[in-house]
Structure formats: C-alpha cells, structure tokens
Amino acid sequence: MPSNTLYIASLEPEAGKLVIAMGIMEFLSRSMGNVAFFRPVINTTKEIDPDIALIRGRYCPNMSYEESYGFEASEVKSFVAEGKKKLLLEALIDKLNYLKERYDFVLCLGVNPNVFLSAFDTDINMEIAMNLGCPFVGVISGMGQTARDIAKEIQISEDAIAESGCTHFATFVNRMAEDTFGVLEVELDAPDDASGVPVFLLPENEELDKPSLADISEALHCTDVLGHNEGMDRIVKQFKIAAMTMEHFLDHIEDGDLIIVPGDRNDIVLGSISTLFTTNYPNVAGILLSGGFLPGPNTVKLITGREQTIPILSVTTDTYTTARNVAAVPALINPTDDRKIALALGLFETHVNSERLRKIIELSNTPETVTPVMFEYGLFERARSSKKHIVLPEASDERILRATEILLRRNVVNITLLGNINEIRDQAASLGLDISKATLIDPENSDLTGDFIQTFYELRKHKNMTQDGARDAMTNLSYFGTMMVYKGIADGMVSGAINTTANTIRPALQIIKTLPGISVVSSVFLMCLDTRVLVYGDCAVNPDPNAAQLAEIGISSADTAATFGIEPRVAMLSYSTGASGKGADVVKVREATAIAKEKRPDLLIEGPIQYDAAIEPTVAKTKMPNSQVAGRATVFIFPDLNTGNNTYKAVQRSSGAVAIGPVLQGLKKPVNDLSRGCLVPDIINTVAITAIQAQYVQQ
C-alpha cells in the first residue's frame with residue numbers, strides 16, 4: 001500500500017488523536033525528512049489552530065500557516081448548506097496536491113468531533129479522506145470501556161471505514177486502562193495478523209489530560225504576582241478551594257494541587273508555599289488568588305525573599321467563578337510544553353512498534369537526504385532499540401534534571417543521578433519535575449564506595465596512589481561515576497555541565513583507559529547540515545597532534561561515523577591537495593594519511609586534501625579526479641585544534657548547522673563531555689549518543 005499521505009481522525013470525542021498525530025509525525029520526520037502537516041478543516045474559535053501551531057512549529061516550520069489548512073469550519077458549513085460539497089472536495093484536493101508536489105509525505109489531521117454534529121463529523125472525515133486518496137487512521141477512545149466493548153467498537157469502525165470506500169491503514173485505541181491490554185488481544189480475532197487491519201493500543205495517561213499552569217493562566221488572563229514565568233509548565237492535577245483555616249486546610253492538600261484562595265488569605269498563601277520545604281506534605285502546583293486581592297506587603301516580602309517558590313497567579317473574579325473557570329480549561333499540548341510533548345511521544349513510542357509501522361507505511365521512495373531533525377530523532381530510536389544505563393554525576397544542575405525527565409519520559413535510557421538524594425529530590429520537586437524513574441545514589445552513603453576505593457587503589461598504586469588518596473578520589477562525583485562505568489554498573493557517563501573537560505576526561509583515562517591500538521582520546525562533532533550529516537574531528541581535545549596521533553584520530557572518527565550510520569569516507573585536511581604542497585604541516589598530514597591507510601586498509605582515506613576538494617564534487621574533478629573520497633567526504637580530520645574548532649564554529653554559525661558534540665572517542669567505554677554553556681537539548685542528544693556508543697562496546 002505505497003502512499004505518501006495519511007489521514008488521522010477520531011471516531012468519537014476525546015479520543016486523543018493529537019497524540020497519535022504527534023507520534024506518527026515524529027516517526028515520519030526521521031524516516032522521510034520533508035514532511036507536511038495539513039488540516040482540511042479547522043475551527044474558528046482561536047486566531048491560530050492549536051494543533052497546527054504544535055505540529056507545524058515542531059516538524060515543518062518552513063510551511064506557512066495558510067498552507068497548513070484547507071477551510072474554516074464556517075466555510076465548510078456554507079459549502080454543505082449550499083449543496084457545494086463537490087466544490088469543497090475539489091478545492092481540498094487542489095490544496096493537498098500542492099503539498100504533495102513539494103513534500104515527501106503529508107499527514108492530514110481530521111475534523112474535531114466538536115466542530116460538527118458527531119454523526120456528520122465521522123462521515124465528512126471519511127469522505128474527505130476517500131476523495132483525497134489518503135489511507136485512513138481511525139482513533140478510538142478506550143477510556144472507561146471493557147475490552148469486549150472496545151473490540152466491538154473496533155469492528156464497527158472497520159465496517160464503517162470499509163463501507164465509506166477508504167483504505168483503512170490502522171486503528172489506534174487510545175486512553176485504555178492498562179489492565180485491559182491482554183484481555184483485548186484475546187477479544188480481537190487477529191490483532192497481529194499481517195493480512196488484517198493493524199490495531200495499536202495506547203494506555204491512558206492522567207497528566208496528558210490535565211492542564212498546565214500556563215494553560216490556566218492564558219485561559220483566565222491571570223496576572224503573575226511574582227513577575228516571572230518559572231514553573232508555569234507544572235501540571236495541575238486537581239484544584240482546591242481554601243475556605244477554612246490553614247491548620248485544617250493542610251489536611252486536604254494533594255500533590256499537584258492548584259490552590260484557589262482569596263488574595264487576602266495570607267495564611268493560606270504562606271502555608272501552601274511552605275510545603276516546598278518539608279517532606280511532610282505534598283507539593284502544590286501553584287496558587288491562584290481570587291477577588292483581585294493581593295497578599296499584604298509583609299507577606300510579599302516573605303515570598304520574594306525565598307529562593308524557591310511556586311507560581312502565584314491572580315484574577316479579579318470571585319472564588320466561585322474562578323473555580324468554575326478553572327474547571328473549564330482544556331488540557332492542551334502547547335508548542336513550548338516540552339514536558340507534555342516528551343510524555344506524549346514516549347507513550348506512543350513505547351506502545352507502537354516502529355518496525356511494524358514502517359512496514360505498513362511502505363516507504364518505497366525514502367529520500368537519501370538526512371536532515372537535522374531526522375538525525376536527532378533517529379538517535380532516540382537507536383538508543384531505545386537496546387536501552388542502556390547512563391550515569392549523570394552533576395545532578396545538582398537544573399539542566400541535568402530537566403534533561404533527565406525528558407529522557408525518562410521518552411524511554412530512551414535508564415539513568416542514575418549522583419549526589420545528595422534528598423537535595424536532588426527536593427530540587428526536582430521545586431522545579432515540578434518527575435524523576436521518579438531515575439536511580440539516585442549518594443556516594444557518601446553507598447554500599448559501592450568501599451569497593452570503588454579499593455579498585456581505584458589497585459589500578460593506580462603503581463602511580464604511588466594511597467588508600468587515602470583513593471578514598472578522596474571517590475568523593476569526587478566524576479570519579480565515582482567513571483568507576484560505575486568501569487565496573488559495568490552503568491554503560492556510560494555524561495559530564496561537563498559543571499566540570500571542565502579535563503575533570504571529565506582525567507578519571508576516564510585513569511580508570512577506563514583507551515582502546516587497544518589507540519593512545520589518544522579525541523573528539524568529533526556531528527555536523528547536521530540541511531541535507532546530510534558530516535563528522536568533524538578533532539575540534540575539542542588535542543591542540544596539536546603529531547602524525548601518529550592524527551592517524552589515530554582519523555581512524556577513531558571513521559569508526560564513530562559508522563556507529564551513527566554514516567558511511568566513512570575520510571578526508572585528512574590540509575592547505576594543499578595531493579602532492580602539490582610543501583611545509584611541515586603538509587608533511588604531518590601526509591604521514592598521518594599513510595599511517596592510517598596502513599593500519600586500516602579497509603577505510604577510504606584521502607590526504608592531504610583541501611576542504612573544498614573534499615566536499616565539493618566539481619572542485620574534486622579538477623584537483624583529485626580519481627579519488628574515491630574527494631567531493632564525497634563524510635569525515636573531515638583537521639590538522640590541529642585551532643583549525644578544527646574555528647571551522648566547526650564558522651560552519652555552525654554561518655550555515656545554521658546543528659553541531660552535536662563533542663563526542664569523545666578512543667575509550668574502552670563511553671564517557672562524554674558537555675560544554676558548561678550547554679542547553680537541555682544538548683544534554684539529551686549527548687546522553688543518547690553515549691547510549692548508542694555503549695551498544696558497540698566489546699565485552
């Protein structure tokens with residue numbers, strides 16, 4: 001069933017088709033590259049359709065908003081009322097064909113069930129899908145239903161879709177109770193029968209059905225009392241009206257509460273904030289002050305004097321009206337809500353077999369280009385395929401905790417965080433983060449510490465290491481984390497958000513050591529350009545490698561490229577090509593090339609070669625016409641750190657390339673370094689890369 005379009009539609013209200021659309025778009029973005037999103041019909045209650053804002057902003061930002069939809073609901077109603085449905089469908093076909101000419105794949109999201117009468121909604125979605133030639137993906141809600149009821153709904157939907165004339169691609173049953181999974185598989189005649197319509201099952205997730213503080217603030221036009229936006233991504237699990245004294249009210253607090261209270265109830269405000277600083281009470285999500293009142297000046301001084309606090313919002317409506325308005329706020333997934341996005345994608349990717357999805361989509365015309373989005377999300381898929389355990393020794397850093405939550409929600413790796421356990425939990429709670437699936441270890445109180453001290457002493461006693469010195473070393477979190485990797489308790493380590501590169505590499509050299517035949521640890525950056533991924537090395541570690549070291553860097557970089565699915569064609573760079581140049585720098589590169597070719601005759605290696613001859617086919621035809629590397633190089637080895645570091649930054653800033661790294665190479669087990677200015681996405685990518693490297697470790 002080759003096709004470059006899909007049409008997703010809910011077969012009933014509140015089925016959660018947006019989660020399915022996000023999961024499929026995530027899959028397509030790393031499989032197809034150039035993917036478009038199209039809504040044939042949008043509602044008109046908001047200036048910007050929220051589903052388009054989310055999907056377009058994340059996966060196809062180059063599309064204009066106008067390209068992303070066909071008609072507003074009011075226009076469709078007019079077409080139908082005037083008997084012009086054919087004109088409507090013809091216009092939609094024109095719009096879709098326009099996208100199909102410009103994109104490799106178009107994912108269509110159907111009409112919301114609340115836009116038209118439900119009976120008409122299902123009909124119009126199937127009719128649009130049929131006339132657009134799009135295979136149909138039906139989404140059913142399993143919420144509150146038994147397995148037998150769901151099985152009947154699946155059969156009814158299959159009959160209806162077949163009767164409509166649509167090609168039925170798959171059915172997704174969303175929002176199921178987890179205990180109905182096994183029972184439903186028995187109820188279905190042949191859920192895994194390749195000849196039948198595939199059925200995918202996803203469980204209910206309470207957090208996706210709850211609004212965030214940001215959603216409530218926007219819907220109610222709240223004022224931020226504290227004057228900042230920190231913590232607005234917290235999920236409001238339920239709200240409580242404070243209509244009693246603080247002493248009695250504290251008995252009713254639950255985790256994730258939004259406390260609705262008149263703004264002059266200073267006692268409730270202070271009591272709610274104080275839950276952050278004790279383990280005796282759950283943490284509330286935020287406080288919403290009603291009536292237009294604000295806390296008194298002394299209370300404000302107390303609040304603003306705290307380093308940690310929770311969002312405090314204010315509205316002018318009375319308490320009853322405020323509570324009613326909060327109850328009406330829908331649970332949305334906004335483009336900036338990284339936590340909910342990670343949760344939704346993790347839910348989809350955990351329960352939907354990507355290989356099975358790939359087979360039924362039958363991507364017969366997959367483009368050869370690799371975009372940054374394809375490569376980055378491909379990292380997640382590869383890391384998840386054989387999940388590894390990564391230790392992060394810098395758990396006191398907020399960025400590490402935020403990255404941890406996303407990685408755990410996306411089910412990419414298992415994670416151990418090092419540090420004071422209570423402090424880590426308190427900081428995560430104060431940030432509104434869920435890191436409950438992470439393992440927490442405090443080296444000062446760990447059963448592992450004694451063994452680690454003895455092992456480090458044995459490893460380093462020939463270097464005059466003492467027992468006291470080994471004990472001091474194991475109080476350093478980077479040394480402790482490195483020892484976890486050495487012992488096989490963890491598969492890899494990522495550090496450097498706080499520590500220097502030297503503090504990350506030194507323990508690895510002392511404990512893990514380098515691979516046989518490799519004397520130098522080096523690094524590469526994975527440079528994601530518009531249509532391909534290149535490998536640049538060494539741009540971060542070795543200032544001026546000699547010829548033998550440069551050869552090792554070339555070999556290690558080629559192996560790293562292969563690890564990440566990049567066919568290695570190695571260019572040993574210089575300011576001259578072939579035999580034309582002279583000078584010590586050219587001689588070094590020429591010698592390094594010869595050494596690398598002798599050590600690894602299986603690799604395609606060329607040098608000395610200039611950058612333009614290595615990357616541009618037209619230049620290569622003139623300068624090195626018979627080379628298998630010139631004009632086609634994928635791995636670029638710079639003669640020194642000065643050249644490499646400046647070049648990668650110049651390419652990154654001038655072309656908009658995504659630079660992932662530095663990725664350390666040459667160690668027996670993976671340890672990777674972060675820059676101290678790293679962002680959360682940098683940490684996430686580096687952890688995924690470390691996990692993939694760990695899959696290739698020789699045991």
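When a residue number appears, it is its place in the shown sequence, counting from 1.
Note: Y59 and F37 fail the aromatic proximity criterion, with ring centroids not under 6.0 Å apart.
A heavy-atom distance below 4.5 Å is found between the side chains of I55 and L18. You'll find the side chain of L448 stays beyond 4.5 Å of the side chain of K487, heavy atoms only. Residues T514 and L509 are in side-chain contact: their nearest non-hydrogen atoms beyond the backbone lie under 4.5 Å apart. Side-chain contact between D491 and V697: absent, with no pair of heavy atoms (C-beta onward) separated by less than 4.5 Å. Side-chain atoms of D612 and K623, non-hydrogen and from C-beta on, do get closer than 4.5 Å to each other. The side-chain heavy atoms of M22 and I333, taken from C-beta on, include a pair separated by under 4.5 Å. Residues V541 and P662 have side chains not in contact (no heavy-atom distance under 4.5 Å, counting atoms from C-beta outward). Inter-residue side-chain proximity for M63 and F38 is flagged as unmet; no heavy-atom pair is nearer than 4.5 Å.
Residues passing the ring-ring contact (aromatic ring centres under 6.0 Å, His included) test with F200 are F172, sequence neighbours excluded. Judged as a side chain to side chain donor-acceptor pair (under 3.5 Å), and not counting sequence neighbours, K597 has no contacts. Residues satisfying the side chain to side chain donor-acceptor pair (under 3.5 Å) test with H389, not counting sequence neighbours, are T416. Every residue was checked against the ring-ring contact (aromatic ring centres under 6.0 Å, His included) condition with Y486, not counting sequence neighbours, and none meets it.
Under the ring pair (Phe, Tyr, Trp, His ring centres under 6.0 Å) criterion, the residue pairs touching residues 514-542 are F525-Y648, Y536-F636, Y536-F638, with sequence neighbours excluded.
Between S574 and V586, the shortest heavy-atom contact is OG-CG2, 3.6 Å. Counting all heavy atoms, side chain and backbone alike, N4 lies closest to D104 at CB-O, 3.4 Å. Heavy-atom minimum distance, A551 versus A596: CB-N, 3.8 Å. Residues L515 and L667 approach most closely at CG-O, 3.5 Å, considering heavy atoms. Considering every non-hydrogen atom in both V589 and P639, the closest pair reads CG2-CB, 4.0 Å. Scanning both residues, S557 and V524, for their nearest heavy atoms gives OG-CG1, 3.2 Å.
The main-chain N or O of R382 is found under 3.5 Å from a side-chain atom of S385 such that the two form a donor-acceptor pair. With hydrogens and angles ignored, the 3.5 Å screen pairs no side-chain donor or acceptor of E616 with any backbone N or O of G631. At least one donor-acceptor pair under 3.5 Å links the side chain of N672 to the backbone N or O of L664. Without hydrogens or angle criteria, D538 side chain to N542 main chain gives a donor-acceptor distance under 3.5 Å. Using a distance-only test at 3.5 Å, with no hydrogens or angles considered, no donor-acceptor pair links the side chain of R356 to the main chain of V352. Using modelled atom types, one side-chain atom of Q549 and one backbone atom of N546 make a donor-acceptor pair closer than 3.5 Å. Looking at R384, its side chain does come within 3.5 Å of a backbone N or O of R410 through a donor-acceptor pair. R58 places no side-chain N or O within donor-acceptor distance of the main-chain N or O of A53, the cut-off being under 3.5 Å. Distance alone, capped at 3.5 Å, places no donor-acceptor pair between the T593 side chain and the E606 backbone. Distance alone, capped at 3.5 Å, is enough to place a donor-acceptor pair between the E394 side chain and the A497 backbone.
Distance check: N174 CG to H351 NE2 gives 10.5 Å after rounding to the nearest 0.5 Å. Note that CD of Q652 is 10.5 Å distant from CD1 of I660, once rounded to the nearest 0.5 Å. Between the CZ atom in F27 and the CG atom in L357 there is a gap of 4.5 Å [rounded to 0.5 Å]. Considering CD1 of I424 and CG of L418, their distance stands at 7.5 Å, rounded to 0.5 Å. Separating the CD1 atom in I400 from the CG atom in L392 is a distance of 5.5 Å, to the nearest 0.5 Å. Within the model, atoms CD1 of I555 and OG1 of T560 stand 12.0 Å from one another, a figure rounded to the nearest 0.5 Å.
A salt bridge is defined here as a Lys NZ or Arg NE, NH1 or NH2 lying under 4.0 Å from an Asp or Glu carboxylate O, and D338 with R409 fails to meet this definition. The pair K588-D640 fails the salt-bridge criterion, with no side-chain N (NZ, NE, NH1 or NH2) lying under 4.0 Å from an Asp/Glu carboxylate O.
In this model, no donor atom of one side chain and acceptor atom of the other lie less than 3.5 Å apart for S386 and Q695. With hydrogens and angles left out, the side-chain atoms of S519 and E552 include a donor and acceptor closer than 3.5 Å.
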If you look only at distance, which donor and acceptor atoms sit under 3.5 Å apart when one is on a side chain in residues 679-689 and the other is two or more places apart or in another chain?
residue: D682; atom: OD2; partner: L679; partner atom: N; Å: 2.9
residue: N685; atom: ND2; partner: E376; partner atom: OE1; Å: 3.1
residue: N685; atom: ND2; partner: P681; partner atom: O; Å: 3.4
residue: T686; atom: OG1; partner: D682; partner atom: O; Å: 2.8

Take S436 and D434 through the test side chain to side chain donor-acceptor pair (under 3.5 Å) and record every step on the way to the result. CA-CA 6 Å; S436 58; D434 177 12; 2.8 Å; yes
One pair to check against side chain to side chain donor-acceptor pair (under 3.5 Å): D673 and T501. What are the steps and the verdict? CA-CA 6 Å; D673 181 41; T501 296; 2.6 Å; yes
Does the pair Q510 and L459 meet the rule for a side chain to side chain contact (heavy atoms under 4.5 Å, CB included), with working shown? CA-CA 8 Å; Q510 292 178 355; L459 287 172; over 6 Å; no
Side chain to side chain contact (heavy atoms under 4.5 Å, CB included) evaluation trace for M25 with V35: CA-CA 8 Å; M25 280 297 286; V35 183; 3.7 Å; yes
Could you go through the side chain to side chain contact (heavy atoms under 4.5 Å, CB included) check for T618 and K621 one step at a time? CA-CA 5 Å; T618 55; K621 286 181 180 179; 5.7 Å; no
Just do the side chain to side chain donor-acceptor pair (under 3.5 Å) check on S354 and E349 with the steps written out, would you? CA-CA 7 Å; S354 61; E349 291 160 345; over 6 Å; no
Between E355 and R358, is the salt bridge (charged side-chain N to carboxylate O under 4.0 Å, His left out) condition met? List the steps. CA-CA 5 Å; E355 282 305 310; R358 190 187 310 277; 3.4 Å; yes
Going through the checks in order, is the side chain to side chain contact (heavy atoms under 4.5 Å, CB included) test met by I511 and Y479? CA-CA 9 Å; I511 298 171; Y479 272 91; 4.0 Å; yes
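At most 12 heavy atoms of other shown residues, nucleotides or ligands fall within 6.0 angstrom of atom NZ in K437.
Of the candidates R339, Q427, E398, L433 forms a side-chain contact (heavy atoms from CB on, under 4.5 Å) with just one, namely R339.
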